[in-house]
Amino acid sequence: MPSYQMTVNGVDQEIEAEPNMPLLWALRDLLGLVGTKFGCGIAQCGACTVHVDDIPMPACSVTVAAVAGRSVRTIEGLADGAQLHPLQKEWIAQDVAQCGYCQSGQLMSAAALLKRNPNPTDDDIDAAMAGSYCRCGTYIRIRSAIHSAASQMTANYVNAAEKKV
Amino acid sequence: MNMKLDRRSFLRVTSIAGGGFILSSVVPVALAEESVAEASVTAAELNAFIKVSSDGKITIYSANAEMGQGIKTTLPMIIAEELGARWEDVEVLQSPVNKERFGLQMAGGSTTVPRTWDQMRQMGASAREMFISAGSLVMELPREELKTQNSTVTHESGRSMTFGQLASLAAKQEVPDVETLEFKSREDYTIIGTSISGVDNLVIVTGAALFGIDTRVPDMLYAAYHKCPAIGGTVVSANIKEIKALPGIVDAFVVEGNDDPTELLDGIAIVGTNTFAVFDAKSKLKVKWDESGASKDSWTALVEQAKAKQGRRGDDEIVDKGDVNTAFANPDNTTIEAFYEYPFVAHLCMEPMNCTAHYKKGEGLFDDDTLEVWVPTQGPGLALSIADSMFGLDKDQVTVHQMRLGGSFGRRVYKEYIAEVIEISKRMEAPVKLTWTREDDIRHDFFRSGGFQSVKGAVDKQGKLVAFENHFFGMQHDGKPVSGSRFGANEFPILNIENAYASKTMFEIDIPCGPWRAPGSNTTAFVVQGFLDELAHAGGRDYLEFLLELMGEPRWFDEGNVRSLNTGRAAGVIRRAAKEAGWGRQMPAGRGLGLAFYLSHAGHIAEVAEVSVDANKKLTVHQVTVAVDVGPIINRSGAISQVQGSVIDGLSTMMAQKITFENGRVQQSNFHDYPVLRMPDAPRVDVHFIESDYSPTGLGEPALPPLAPAVANAIFAASGHRVRKMPLIEEGYTM
Ligand code: FES
Ligand code: FES
């Protein structure tokens, strides 16, 4: 069986798998990283969203062969060690989840959004998050939590910049 | 490291949209998975639900299934309140499955809160009394002068001892007689009525294993199960040899079922080393089915049959009250008729059906077989019953792990996916995780049944409702109505008026149906509240006024039965929703408000939708204002979530969801042809609670039914077009 090298949450991994195995199942079944969820398998629901070289992608529709040599980040790698990502903190603070199943995908989509657009409008959020279904209907709180996390991150960034000066 | 301190130092209070605050404990990630196993700490059990350790940590067990309805946070809040605990000291764990210890562990039908309200208060209050007894002994103070608060037993003099200090002694105190327990009054609540962040939230946002589908046990194999697309088809032959030769496949075999879709249907099991291998092999299966005994159901045929009978009375009478015919024939009255249609829909839980089982053969001659099951289910007892009925295992031979459910909405009250994996594990003599593909999940659902209602009504010269008639077209299987396919003699507004008639015609089907969020109510609300709005317009009346007039004097329709209509509660929520939404205000062209009320699961709920419709029938739902009376609210954050979720679920379903079937085969298969509402289309939801003094009832379901008629009535107000058919895309609407 072929084997593929990639970095997953900062750790080098060597994955032995059929080349057409979706990254989703390599993460869940081979690496035991079950935070990335299976919802549809056809790039429709966003439950499996991960970052490949910082770009959000549906892990169900990207093969291990296609990510060989690249860097993958999953929900398990969103926090910085013991320090939760501001989005994760807001998700808890605003009690976003209902069943919770879609939320890793939502968080990974939101994290990618804030990385490229630190101060998104409602429309920016809607556009970036439209690929992530939530069957329980937590959209209202997701939107609000993204705004709060964004303002915190911007504030932190400004503070850090001021300290440097 | 001191876990307790860390927990507290991360405690935070956050204000939330819509008002109020949410309390949440944020445990640092690195600590989240460690347990607090410090040797010096001892833990004392006060009762089945409460354990308190000497370091002051309070463990409360949650016994019922958590599927997003928030029960794992709500019930422990009730216990903590009566106990006098400080929420930050509480850790909630999912209890083991044990009916003797924890009572009925089923969750569903919005019944968990009303059913356990007293039980949870008793658990908390009895432990509180035991702490007070212990405190009285140690501090040598009369127990009447002691109370509990903030996880301490305190005296008016200021003396106090913590629960941690008293735990082991408290556990040795006599358990008070339930009859003697007094519960706190509402004014004294410090936990109930506040907003508490879900107890699993940290695990959810960090992606640690939690759901059934996340189960991993040593040496586990992965399985897929393929059934006939038409219910009841049996396997003639399949390319098993080819499948077995595929990469990652360990075995493949035909399973002979018992022809019962709630237990085990014929199919092909494919077992491999990972989920992709078995899904991929499943897609390469070539099966010859014998469909002679399989379902031949056809949605188009049902539509034709119902339409042919519209406007006539049904086969069986449900209720005949007063004299509708005279009212309809009276030339002074205005009489109108309409035909409403709603489709079958799927549950579409975000987490597809799955289960993990390890069937172990007994080793020696006298050694019994054992079974361990990890299952996301609304009732862990279902696993025990299927293990018994199909596999002859006594409950002592079976261990069930209740896993969190990635949604359910009534779907996981069935156990066929449990039976399938037990069968496969038994054959493989290994632990096996069965995962359904999304296609399996949609095609082999227990659907919300579709149907039709042919309605007729009359208003008099003053625009007052004087007669109402309904011909309900429902679905039955083996002569029994399927879940939710009923129209009751007490259905609103039958009890409220003098002349009413209802009858039914039932169609026999094989497609499995089951409970789906607010069964029955989720379709009948659309018909009745839509048609009453039509009647109000026919009588030149404002619907708010018309509805309040129908409610009349405040009274129970069935005194002592909290699930019956209370017209006072109804009028209260109707007025409140109308007021908050600005009912009656001038709207720009193409924009309108629609009002609907519905009672289900004891919840009295009114909703006002504000909707715009443009010339191309593009729909925008700007806001939905909801007024709720389910008695006192326990977890405010969770309650608001349930309402927001119900509104979005209701809109999602009414907009675009429809399951059709021909020749017994379901024609939808995945999200591309069965779409869910996406974030850009989610309306604002404005929630108002009327916290009446009736005991609290569930909120997982009742906020859904009024949504569809509120939106349909708003569409009429905005555009003059009456919607009598769901989903809206079939009426030409888009979002
Ligand atoms: S599972 Fe990948 S998008 Fe749905
Ligand atoms: S929280 Fe259940 S699907 Fe989003």
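If you're wondering where the values come from, they're calculated on a predicted model, not measured in any experiment. For the numbers below, each heavy atom of this structure counts, side chains included, while hydrogens, waters and symmetry mates do not. Naming convention: chains lettered A, B, ... in sequence-line order (proteins, then strands); numbering from 1 in each chain.
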Heavy-atom pairs under 4.5 Å with chain A, option from [options] with the top count:
options                        : result
B:I204, B:N201, B:D214         : B:D214
B:I648, B:T275, B:I442         : B:T275
B:P352, B:A209, B:S641, B:G638 : B:S641
B:E439, B:E351, B:M220         : B:E351

Side chain, backbone, both or neither of [X] within contact of chain A (heavy atoms, under 4.5 Å):
X      : result
B:S408 : neither
B:S652 : neither
B:M67  : backbone
B:P683 : backbone
B:V647 : neither
B:L405 : backbone

Which distance, rounded to the nearest 0.5 Å, do you find between the [atom1] of [X] and the [atom2] of [Y]?
X      : Y      : atom1 : atom2 : answer
A:I92  : A:L84  : CD1   : CG    : 5.5 Å
A:E90  : A:D95  : CD    : CG    : 12.0 Å
B:D649 : B:T653 : CG    : OG1   : 4.5 Å
A:N119 : A:H147 : CG    : NE2   : 9.0 Å

| query | Between B:D681 and B:M735, is there a donor-acceptor pair closer than 3.5 Å when you use the side chain of the first and the backbone of the second? | reply |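 Not at all, since once roles are kept as given, no pair shorter than 3.5 Å links the two residues.
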Just checking, is any N or O donor in the side chain of [X] or [Y] under 3.5 Å from an acceptor N or O on the other one?
X      : Y      : result
A:S132 : A:S109 : yes
B:D440 : B:T437 : yes
A:S148 : A:Q94  : yes
B:E66  : B:T73  : no
B:R517 : B:S646 : yes

| request: Please tell me if the side chains of A:I146 and A:L87 come closer than 4.5 Å, counting only heavy atoms from C-beta onward. | output: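 When only atoms from C-beta onward are counted, A:L87 and A:I146 do touch, with a gap below 4.5 Å.
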| With a 4.5 Å limit on heavy-atom distance, are the side chains of B:V271 and B:Y222 in contact? |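 No - every pair of side-chain heavy atoms lies 4.5 Å or more apart.
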| chain B neighbours within residues 35-57 of chain A, where any heavy atom lies under 4.5 Å away |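 When heavy atoms of chain B are the reference, residues 35-57 of chain A contributes A:G35, A:K37, A:F38, A:G39, A:C40, A:I42, A:Q44, A:C45, A:A47 within the under-4.5 Å range.
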| task | May I ask you to list the residues in residues 3-11 of chain A that approach chain B closer than 4.5 angstrom, counting heavy atoms only, ordered by number? | result |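 None at all.
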| field | Nearest atoms (heavy-atom pairs only) where B:M403 meets B:F211 | value |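 Here B:M403 and B:F211 meet closest at CE-O, 3.8 Å.
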| task | Write down the atom of A:P22, the atom of B:F276, and the distance for their closest heavy-atom approach. | result |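 Closest heavy-atom pair between A:P22 and B:F276: CD-CD1, 3.2 Å.
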Which atoms of [X] approach chain B - backbone, side chain, both or neither, heavy atom under 4.5 Å:
X     : value
A:L78 : neither
A:E18 : side chain
A:N20 : both

| For the residue pair B:F279 and A:W25, does the interplanar ring angle fall in the parallel (under 30°), tilted (30 to 60°) or perpendicular (over 60°) class? |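 Geometry flag for A:W25 against B:F279: perpendicular rings.
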| Can the positive tip of A:R135 be found less than 6.0 Å from the middle of the six-membered ring of B:F409, inside 45° of the ring normal? |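 Verdict for B:F409: a cation-pi partner in A:R135.
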